[in-house]
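Reminder, nothing fancy here: chain letters follow the sequence lines and each chain counts from 1. Here the structure is a predicted model, which means the values were calculated and not measured.
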Amino acid sequence: MIAEETRHRFDALVARYPEKRSAMIPILHAVQAEVGYLSPAAVEWIAQYLDLMPADVMSVASFYDMLHLEPVGKHLIYACQNLTCTLLGAEPLIRHIETRLGIRAGETTPDGKITLKRMECLAACGDGPAMQVDGEYHGRMTLEKLDRILETLQHD
Amino acid sequence: MTETGAFEKVLTRYQTIPGYRGTLPEYEAHGGYQALHTVLGKMAPAEVVDAVKRSGLRGRGGAGFPCGMKWGFIPKDSGKPVYLVVNGDESEPGTFKDRMLIEEEPHQILEGVILSSYAIGCHLAFLYCRGEFVRGAQVLQRTIAEAYDKGYLGRNILGSGFDLDVIQHRGAGAYICGEETGLLESLEGKRGQPRPKPPFPAVSGLYRCPTVVNNVETLSNIPHILLRGPEWFTAIGPPKSTGPRLFSVSGHVARPGNYELPMSVTLRQLIFEHAGGIPGGRALKAVIPGGSSSPVLTPAHLDVTMDFDSLAAVGSMGGSGAVVVMDETTCMVRVGEIVSRFYHHESCGQCTQCREGTAWLHKVLRRIENGQGRKEDLDLLLDMCDNMKGKTICVLSDAAAMPIESYLKHFRDEFERHIRDRACPFAGAAGVRKH
């Protein structure tokens, strides 16, 4: 399930760390990028690769917000719900996304295109309300800006 | 402009250079890596530690611990490798200065890393970058590659006989990994659950070896201290809060952003002169001066200077330097609900007081905000806060309790009104304020 080339990349990665297990999070990121999410088979593969039990890998994968144990959409929207962004109007923006996409935060659109997640502070408070779309920051969000972004994602 | 307005910027001086992108040739063209040439092989490591001690540099991540003293705790001859870990897991709500330094002036961090590694005898350093900093991680990767090409990393750096390798390591989204032992666990490929202390990382840190964990901004100061001398550094700001500091100002201000200033700046100057004051002619209600873990201040505190000790003296803390400004339309119960929701989400769950306490705080604050509060809830909140402080493996529990106590201390009547009227007077259901 993991490309031979990726495996070679992991071999080089693991060799850099004094202890093999340190490569866990970089490997989880890379496998998630390749498979789409951390499926039971993916977790099993990583456990074998790192000489660990699947439960060890699951304990890590379930701890971090950016690691997905369920399939997510082709596009991922992280909407900040922390203090500064809420002070600047994040809630109505998040609800606008929910209404327009017909999903609640934490869910994926039925066509599998977009997942919306509420996130804690994204370290972009100077540009609040802030969101990340597929890893790219979008600051000083407005309903108009948001509609343009959603339009692009829905037609991709 | 005030005295602080004329302050000559150090860490963000690059912002005055048109078109600056933070590449190695640009960094060098403006004085970068001069400290490395001056120090490596020419100053003894112990002299470097001594210079940083004399500079008075205190950690910029949250605790304000003296950097040179932290380095001094590394045992001289443990026979084990020594590691330097850069804490770039910036996640304290309100803080956005490390991300800026990572994306815009990464070689300043790396030069600090090389000099600090030399000082403590480290030959393998880790740049732990927050998971959400996708671009930041790419920038750091490019920066490290440039430094290897130029011979600033690798074997026998600048002919000094000093070797150093650096690994960029990205997290995956967990506030608790900003706690230094949580970060070390994460770097070892585990859940980011903080370790009981002692032993402190200086004795038993990464892979049970002596380890120093320093914040991104802290390390960015090192090249300047070594090039211009500790006396130059101590001349900036108050005697016990030396050097420049980046303040991340956000919320209800006209010009949110990062402001590099001496810590002698007052809260009033920071909000009203540098950040342009509050838009719409509205009045100031409350300020969080050092990230969401820090107790709230009110307009009565506007003349406090933003140094570690003065903020402690008024019952708060300098923390991560994140200043969140709230105007008169802000509901403090709703603020408490948001802040407690955050700590509840981020509690790693190891300690009962924190795992249960953060959940209860959020639950009770939510019901008060929703008009279902009970008269006894305010004493219940204070009792819970008391049970959460000083009783856990790390300070997340304290960080969750302290702000709530402070909101009750300064705005108790607002909480009481929510309970009495069985509703939020700010129509807070739509947000912190009405839209």
Side-chain angles (χ1 to χ4, degrees), chain A residues 13-14 16-29 32 46 50 52 56-57 59-68 78 80-95 117-130 132 134-137 139-140, chain B residues 81 90-100 124 130-135 165 167 169-175 177 186-193 206-207 209 248-252 256-258 288 292 322 324-327 330 334-335 338-339 341-342 345-346 348 430-433 435:
Chain A
L13 184 72
V14 162
R16 301 204 66 198
Y17 290 94
E19 289 182 10
K20 198 174 181 181
R21 185 170 176 161
S22 273
M24 172 85 84
I25 292 176
I27 287 176
L28 285 165
H29 273 304
Q32 176 168 284
I46 295 168
L50 290 175
L52 296 166
D56 294 323
V57 178
S59 82
V60 177
S62 61
F63 190 80
Y64 298 90
D65 286 343
M66 297 178 74
L67 301 175
H68 314 302
Y78 285 160
C80 176
Q81 64 165 358
N82 211 289
L83 184 55
T84 294
C85 287
T86 308
L87 287 171
L88 301 173
E91 277 305 321
L93 292 168
I94 295 173
R95 279 202 307 277
K117 279 195 144 189
R118 283 173 172 270
M119 293 293 270
E120 295 303 346
C121 187
L122 294 169
C125 325
D127 290 311
Q132 257 195 359
D134 297 332
E136 290 269 334
Y137 278 97
R140 309 205 177 206
Chain B
E90 179 174 62
S91 347
E92 176 70 19
T95 321
F96 48 98
K97 41 103 182 166
D98 292 338
R99 181 166 76 87
M100 181 184 79
L124 179 59
R130 185 176 165 180
E132 288 86 347
F133 294 177
V134 179
R135 178 161 163 244
D165 285 304
I167 296 177
H169 188 101
R170 205 176 122 221
Y175 170 74
C177 295
S186 178
L187 194 45
E188 290 183 5
K190 300 170 189 159
R191 295 163 74 85
Q193 293 181 326
L206 189 63
Y207 312 124
C209 295
S248 300
V249 186
S250 73
H252 296 143
N258 285 314
I288 290 170
S292 73
V324 182
V325 180
M326 294 170 272
D327 72 21
T330 310
R334 174 77 170 129
V335 171
I338 294 166
V339 169
R341 176 181 67 192
F342 166 71
H345 178 75
E346 301 296 345
C348 82
V432 172
R433 71 176 180 214
H435 289 274

Counting heavy-atom pairs under 4.5 Å to chain A, which of [options] comes out on top?
| options | value |
| --- | --- |
| Met100(B), Arg170(B), Lys97(B), Gln193(B) | Arg170(B) |
| Thr95(B), Ile167(B), Val324(B) | Ile167(B) |
| Ser186(B), Ser248(B), Ala322(B), Cys177(B) | Ser186(B) |
| Gly192(B), Ala172(B), Cys348(B) | Ala172(B) |

Portion of Gln81(A) that has a non-hydrogen atom of chain B nearer than 4.5 angstrom:
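Both parts, heavy atoms under 4.5 Å.
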
Which atoms form the tightest heavy-atom contact between [X] and [Y], and what is the distance?
| X | Y | result |
| --- | --- | --- |
| Gly189(B) | Val60(A) | O-CG2, 3.4 Å |
| Thr84(A) | Ser250(B) | OG1-OG, 2.7 Å |
| Arg99(B) | Leu122(A) | NE-O, 4.3 Å |
| Ser59(A) | Arg191(B) | O-NH1, 2.7 Å |
| Phe96(B) | Ala124(A) | CB-N, 4.1 Å |

Note, [X] side chain near [Y] side chain (heavy atom, < 4.5 Å):
| X | Y | value |
| --- | --- | --- |
| Cys121(A) | Glu92(B) | no |
| Pro93(B) | Leu83(A) | no |
| Arg118(A) | Arg341(B) | yes |

Strictly distance-based, threshold 3.5 Å: is any side-chain N or O of Glu120(A) a donor or acceptor partner for the main-chain N or O of Tyr175(B)?
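Between the backbone of Tyr175(B) and the side chain of Glu120(A) there is no qualifying donor-acceptor contact (under 3.5 Å).
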
Assess whether side chain to side chain contact (heavy atoms under 4.5 Å, CB included) is satisfied between Asp65(A) and Glu346(B), documenting all intermediate values.
CA-CA 10 Å; Asp65(A) 286 343; Glu346(B) 301 296 345; 4.1 Å; yes

What distance do [X] atom [atom1] and [Y] atom [atom2] have between them, rounded to the nearest 0.5 Å?
| X | Y | atom1 | atom2 | value |
| --- | --- | --- | --- | --- |
| Tyr137(A) | Glu132(B) | OH | CD | 6.5 Å |
| Arg130(B) | Met66(A) | CZ | CE | 8.5 Å |
| Leu206(B) | Glu19(A) | CG | CD | 8.0 Å |
| Leu87(A) | Met326(B) | CG | CE | 6.5 Å |
| Asp56(A) | Lys190(B) | CG | NZ | 10.0 Å |
| Tyr207(B) | Arg21(A) | OH | CZ | 11.5 Å |

His29(A), Met24(A), Glu136(A): which one forms the most heavy-atom pairs within less than 4.5 Å of chain B?
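Option with the greatest count: His29(A).
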
